[in-house]
Number of protein chains: 6
Amino acid sequence: MFMHNKRLQYTVRVSEPNPKLACMLLEQFGGADGELAAAMRYFTQGLGEDDAGRKDMLLDIATEELSHLEVIGSIVAMLNKGAKAQLSEAQADEAELYAMVGQSGTSAKEALLFGCGPALIDSAGVPWTAAYVDSRSEPTVDLRSNIAAEARAKIVYERLINITDDPGIKEALGFLMTREIAHQKSFEKALYAIDENFPSGKLPGMEEYASLYVNSSQGIGDVDGPWNSGPNWDRDDGPTPALDGGPGTATVAMDADDEELAEALILRTQSATSGDPITGADLGAGPGAGRTTELG
Amino acid sequence: MFMHNKRLQYTVRVSEPNPKLACMLLEQFGGADGELAAAMRYFTQGLGEDDAGRKDMLLDIATEELSHLEVIGSIVAMLNKGAKAQLSEAQADEAELYAMVGQSGTSAKEALLFGCGPALIDSAGVPWTAAYVDSRSEPTVDLRSNIAAEARAKIVYERLINITDDPGIKEALGFLMTREIAHQKSFEKALYAIDENFPSGKLPGMEEYASLYVNSSQGIGDVDGPWNSGPNWDRDDGPTPALDGGPGTATVAMDADDEELAEALILRTQSATSGDPITGADLGAGPGAGRTTELG
Amino acid sequence: MFMHNKRLQYTVRVSEPNPKLACMLLEQFGGADGELAAAMRYFTQGLGEDDAGRKDMLLDIATEELSHLEVIGSIVAMLNKGAKAQLSEAQADEAELYAMVGQSGTSAKEALLFGCGPALIDSAGVPWTAAYVDSRSEPTVDLRSNIAAEARAKIVYERLINITDDPGIKEALGFLMTREIAHQKSFEKALYAIDENFPSGKLPGMEEYASLYVNSSQGIGDVDGPWNSGPNWDRDDGPTPALDGGPGTATVAMDADDEELAEALILRTQSATSGDPITGADLGAGPGAGRTTELG
Amino acid sequence: MFMHNKRLQYTVRVSEPNPKLACMLLEQFGGADGELAAAMRYFTQGLGEDDAGRKDMLLDIATEELSHLEVIGSIVAMLNKGAKAQLSEAQADEAELYAMVGQSGTSAKEALLFGCGPALIDSAGVPWTAAYVDSRSEPTVDLRSNIAAEARAKIVYERLINITDDPGIKEALGFLMTREIAHQKSFEKALYAIDENFPSGKLPGMEEYASLYVNSSQGIGDVDGPWNSGPNWDRDDGPTPALDGGPGTATVAMDADDEELAEALILRTQSATSGDPITGADLGAGPGAGRTTELG
Amino acid sequence: MFMHNKRLQYTVRVSEPNPKLACMLLEQFGGADGELAAAMRYFTQGLGEDDAGRKDMLLDIATEELSHLEVIGSIVAMLNKGAKAQLSEAQADEAELYAMVGQSGTSAKEALLFGCGPALIDSAGVPWTAAYVDSRSEPTVDLRSNIAAEARAKIVYERLINITDDPGIKEALGFLMTREIAHQKSFEKALYAIDENFPSGKLPGMEEYASLYVNSSQGIGDVDGPWNSGPNWDRDDGPTPALDGGPGTATVAMDADDEELAEALILRTQSATSGDPITGADLGAGPGAGRTTELG
Amino acid sequence: MFMHNKRLQYTVRVSEPNPKLACMLLEQFGGADGELAAAMRYFTQGLGEDDAGRKDMLLDIATEELSHLEVIGSIVAMLNKGAKAQLSEAQADEAELYAMVGQSGTSAKEALLFGCGPALIDSAGVPWTAAYVDSRSEPTVDLRSNIAAEARAKIVYERLINITDDPGIKEALGFLMTREIAHQKSFEKALYAIDENFPSGKLPGMEEYASLYVNSSQGIGDVDGPWNSGPNWDRDDGPTPALDGGPGTATVAMDADDEELAEALILRTQSATSGDPITGADLGAGPGAGRTTELG
């Protein structure tokens, strides 16, 4: 069960309103690597988890991410506070409001639709979608996804810190960025606390293809490195179709009725390979083309 | 700041695993009227709210909705617990797993992609989207949206209760349904505690159109009621284009350059209204049509 | 069956082209609270409705909303008329077109993809989705959703009126805003013409939880009001996990086979709680870390 | 301005309720090639069109498609009428409702969320999106898109006719399918009534590449036909990178500061090509791997 | 099987970095008519195609479109190269980065989330969706969709060429635009190489409605043309509901139980047509309205 | 530049048609962890990459993933071959087609909309979205995302292998699963070939919060492990709001005008905390409630 305390996990001090910066910060509120995505990734994993240790960790971190959602949303609310009052009380003149609201499509939507409230959209105004949440109910998979997600969130915070010079915002973003580092460390420890965590799952894979590197992209710029060369790797430098040695075709055994129907379908819809049919493009390609012309 | 206690707000006792029912219950986990939508609707409003009373109420209810998300997700996890173990340990035979997983597209996605963990999708497998969240930063608007949202969530729970006979699930769903009733009551009180809450916002509307009923759909089935007839209402029974008395056209004043270009565009792309051009459909309509024919 | 008259319901007089303003107005064409959402909300309800009076009202208002979609779309077309001609006839020089088109991501998409035609996107360029339509086939629910939707549309029009000083646009938007007020009044009358419209549906709820207020958010800023205090309300101020008095856990009865598999799953994937495993982050944290190092 | 008559464009006589069939028919209500997509494709084109003839045609057909949306939605409502009453009045027992509702994810969502009302989702339960609408404001483009859209809608109706034996539904679907044929004919005539409709737009293309066929897919199954061979076509059978005769690289001229930063970025993040670093996978690959091991 | 050569199909020479232009070009990378949509449209058709000639053509062109995706993506990468280095190395000061990143919502998302890499979003920052792909597995349908898609892509390239004056970009876009012309020609030839390609599919349609034009939109602006008049067309100028001569109603035969339940549903939820109920809007409409008032 | 050979990378031998299984396999064709997501993840990274070794590797693997997309799509085409012919030639009777098509919402959409061709949807019928692609243009981030993505794809293949007993499909899926293992190994090597790859980016984080574990979820089930305890970790067991020692509030400095407007907004919209207003719910809660009642 969740409880809430109206104090934030980190104090937010914003120097002055700035609705444009607010729109950029929405990336971490309602964006792909934002705090809602983080909270929901760990919360859904925690609900389905049966290992007591991981369940506890996932719920700890999910709950903290909700607190971070609150911090970032509170910064957005502060940055928008003047714009919200101006727009709803309509004391600014229209030209000023038009300029402020119209800075970008996101600021327009933020103001016109959401009334300058913190909205679960990203910095381009796209609504958050659970398609961002990649929980898969296999811990050696999910922990790797969590490690990657924390790394992604860290770099987005770093970029946001790089574009603002408001010291209070920089500090709060610095805190949030740092927490992603700490969370990544927790997930790493939990992953490597699982014996034999690679490959994930139970099935081992086919030995002849598990250490094969397929050199699909050739020409200028081919480079050898530990990821494709050396004693760890077999190579397919052709590359060769049908690595299995078969014909590389796709086949299915159908019963006679289906075979007959499939044949009928082909016949009914075949494109003739001979001749040169007049086409719609031919009709439309020239002066007067296609106008009141008799078909031969 | 959020905190969490690992006990649920309501005890969940599930009689037996049932992954198909789990998929139906996802409607209230990751669906349009589900608990995440509720939590995020009130949480985003609460973050942007400056009225202390409403802020408190919105954060209270947002937090409780997160606890409800946990309850419904826990039911889903229990209903899926056997399926999850069977699928990941692969001790059932393939035909059994195929039958269980393949009951519907949702159960396939729930099992294959999400490994039977509670996923933020609805009962058809569609990911949750923040497009469901209709917070607009105007309290007389948002409270009405909240009232409607609680009514919607209530009826979806009622339908779920109607389709299951597991007593523990019926009881937990009954609790969740009841809380929507209580929340609706809170939002109603908060709305009517605002003086002059109708119409929302500051602008009053144009008097001549504010009590006009436009009878746009005619013929069989026209009915009079308090929503369109009586002393409250003027009527437009035509209905009449251009209620303003103007020509009902759309016009814009352009400068001469633009006028000229717009004219050029029309000329370049006009469809001739005379003649009977041969078309692609003509070419394709008959036996041998379009084949190696000379253009006239 | 629908019919159409080429005159608009309200005459549109636009002072001058302004593609940036056009993009903002798209919020009410293809946005969440725009006219398509309104028309489709009422139309889908009307199709499924069996009460003759409500069916008539829903189809009346749905049809009028389509006429409003036409009005707002016509304003957009007028605002874009110069830009469309310039872009397609390419008589402006590239730098001018680049500046006009590139004002925001929305204006870029409006021009480049949609050729400055009215597109069913919102002010941030996000395509309209039927996820905005919250028809639920229960009239006491749907009418509340309609009331809320009209309030939302009203405030978005108010905001648009606040940001433009083109008198013809202000007037047409004023008309559209006013009609939302009238529609809200119709839906209110139809809702309260249903006896016992609260709570929605047939199931009454569990009495012990229907008037309980759960004080989930605590600390600074707790406020009493008619929505949480007084004779209408019981209180849970803890708040208490497991309001039902049970353990607050989630359980399911599985058969022995499933129990065994579930146990095997836990064992196979458990994260050890003792020891301090080296992790990927450890490998990557220092100078030279992880390079050609022997595993112990 | 739109008007409505409560009689349908075509009489709908459904033999018996069938909620599963209703879900399949939703493909043409809220699906990619359904009637809303058709109506909105032509309506948005009509609003932006300045050629009087095409504008009239587009609004005629857009309006008729709305009438078709009403016909298909009315069939859905009839097929669902029993299910809707059973679910909302809850007079069937739970097991019956569970079986009916749970036939697929779509039927679950149709019943639980939409209460068996006609919803703007497709046959898989995915909400309609304006991403289906491909209006581009260039008539020689849009008319081709319309021709294709009518052909698509025609084939989906044909498939629906093939799977149902309810004579009243077959007849109504036959009517709707036939109207797509008629509409396609109108759009074809309007396209070929434009002189020089190919290629679309004003720019002619680079002559050396406009009749070149690039044989990118080789090996078994290469076939000659009028689409790639004969006097109309030049051939690139290599195929050859850098058809322009250049190096086939991508370059940009940057100033010295940017060059230096770009170099720094490369250096900071380069993956060493020598050595064989221990990885997370190495740590996790074996028994006891990664557990309390010392880094070398 | 796919192979890759690191040389591009067309050499890309960009004059100088320009992240704003990069965002506009994303329209053809991750937009509705962009190269991924093209590649996936033809690739999915090719995989399911059994006619050897069309399969070959579809895979040829699908593969080439992937090469075009690479060309357009490479232009984007070049335009962003300076911005990427500045943002990640953070050597520019914050105000400069803020100005560059904040030009629009798209540029913000491109920089903050995607780090200036080519992302599968359109010019407004909306992620690519397979809803753009309209393959329908019927060649006379799919080839028409392909013809239309090529025409759409051609016009978007033309617009992009119109807004930039970088000669290297103009040239590469000209090449890509030209290839759309060539592809359209191939698809036209393949379509008209199918005998009797209109109407698509096998079912012929109902003769009485296949040449009927329904004049749904009336009043000012009605125009006759070959698309609605002349010997090819019958006319319905009313237009008339229930073209079939029936009552234009929708009916279903239900069993007695369902009839009874449906009746009960109507009764339970009917809106009374007499009386004038007080509503929520009435309560909220005036000064002091709704405050501590007794219900009569 | 891409090239194609019509032989597959692995031979596909399907025992018999099975459209339901085809729908499940779509998870790896158009699903979140499917081959298109993989190909596009690496392809977009490769385009933007300036390190020669990683660029080569990313393009190698992206290209191979396209070949895998072809393999999985070919299996789908084979499984659907009979259904496609039956549906389009309509030689099966309607009841048989209805049963086959109607197995689930996905099979309905696959057949009715896509005509049984391989479609870029997942196993629930949801279209593929680029929101699945998490490329972020920072190699130490992207490589971690790639490692996680390969682990996810591996487990989904394992689940698919567990539910089918067709030996040819099992073998091809086994190949595809194995290749994910090999790719994960390549990405791991490339990550650890970067010195100091943790934390990602350049900013180090705030030391006092980088090793702090916040115990947000308390009560039953708290567990110590290497992820939250021991010498690596500081602990916040309260947990404590405002870790920074400040008040935990959010503030912004506004100018006097904005302050005044913000105050006006609060006053205009405040919900009174005293009194007990009659609400809409009160009106609707009882028999005869709200009917023709006088307001006091």
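Per chain, numbering begins at 1; letters A, B, ... match sequence-line order. Every value quoted in this text rests on a predicted model; they were computed, and no experiment measured them.
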Undergrad: Please state whether the side chain, the backbone, both or neither of T140(D) comes within less than 4.5 Å of a heavy atom of chain A.
TA: neither

Undergrad: Within this structure, what is the CD-CG distance for the pair E188(A) and L283(D), rounded to the nearest 0.5 Å?
TA: 9.5 Å

Undergrad: Could you tell me which residues satisfy salt bridge (Lys or Arg N to Asp or Glu O under 4.0 Å) with K189(D), sequence neighbours excluded, listed by chain and number?
TA: D276(B), D282(B)

Undergrad: Counting heavy atoms not belonging to E260(D), are there more than 12 under 6.0 Å from its CD?
TA: no

Undergrad: Within residues 215-230 of chain D, which positions have a heavy-atom distance to chain A below 4.5 Å?
TA: I220(D), V223(D), D224(D), G225(D), P226(D), W227(D)

